[in-house]
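Just below is one structure, and these are the notes that go with it.
Please read these numbers as outputs of a predicted model, since none were measured by experiment.
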Amino acid sequence: MKHVYLVRHGQTHANVNHVFQGADSELTDAGKLQAIRLAERLKNLKFDKIIVSDYKRTQQTSEPIS
């Protein structure tokens, strides 16, 4: 059986500053920690493919997971 996991990016500087219109913002330190914690929770799963957009926030979130 195949599963699809959807992950929202970690906290960004745009989130903190209430900017919500597609800003390509990087993760805050808290957002990086969120990504690391999520990677820890997912470490026993095998992923055939990880698909992310080219936004910095999604790249930074996916790095610890992959």
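- Side chain of T61 to main chain of H9: no donor-acceptor pair is present (N/O by atom type, distance under 3.5 Å, no hydrogens or angles).
- Considering K56, R57, H13 as possible partners of L27, the one that fulfils the side chain to side chain contact (heavy atoms under 4.5 Å, CB included) test is R57.
- Note that OG of S62 is 6.5 Å distant from CD1 of I50, once rounded to the nearest 0.5 Å.
- Remark: K2 pairs with D48 by the salt bridge (charged side-chain N to carboxylate O under 4.0 Å, His left out) rule, at least two apart or across chains.
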| said: Set out, in order, the CA-CA distance, both residues' side-chain angles and the distance that settles side-chain contact (heavy atoms from CB on, under 4.5 Å) for Q60 and K32, then state yes or no. | reply: CA-CA 7 Å; Q60 291 175 314; K32 291 174 186 174; 4.3 Å; yes

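- Follow the hydrophobic side-chain contacts under 4.5 Å out from I65 and you never reach I51; the two are in separate clusters.
- Environment of CG in D29: sparse, with no more than 12 heavy atoms of neighbouring residues, nucleotides or ligands closer than 6.0 Å.
- Without hydrogens or angle criteria, T58 side chain to S53 main chain gives a donor-acceptor distance under 3.5 Å.
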Could you list the donor-acceptor pairs under 3.5 angstrom formed by side chains in residues 33-41, with sequence neighbours left out?
unit_1, atom_1, unit_2, atom_2, d
Q34, OE1, Q11, N, 2.8
E40, OE2, K43, NZ, 2.7

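- Residue D54 comes nearest to Q59 through the heavy atom pair CA-NE2, 3.7 Å, listed as atom of the first residue, atom of the second, then distance.
- S66 contributes atom OG, which lies 15.0 Å from atom NZ of K49 (distance to the nearest 0.5 angstrom).
- Transitive grouping of hydrophobic side chains (ILVMFWY, heavy atoms separated by less than 4.5 Å) brings V52 and V7 into a common cluster.
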| query | Going through the checks in order, is the side-chain contact (heavy atoms from CB on, under 4.5 Å) test met by N17 and N15? | reply | CA-CA 5 Å; N17 295 317; N15 296 145; over 6 Å; no

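- Note that CZ of F47 and NE2 of H3 are 11.0 Å apart. Values are rounded to the nearest 0.5 Å.
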| task | Begin with the C-alpha distance, continue with both residues' side-chain angles, and end with the deciding distance and a verdict on side-chain contact (heavy atoms from CB on, under 4.5 Å) for T28 and T12. | result | CA-CA 5 Å; T28 62; T12 67; 5.6 Å; no

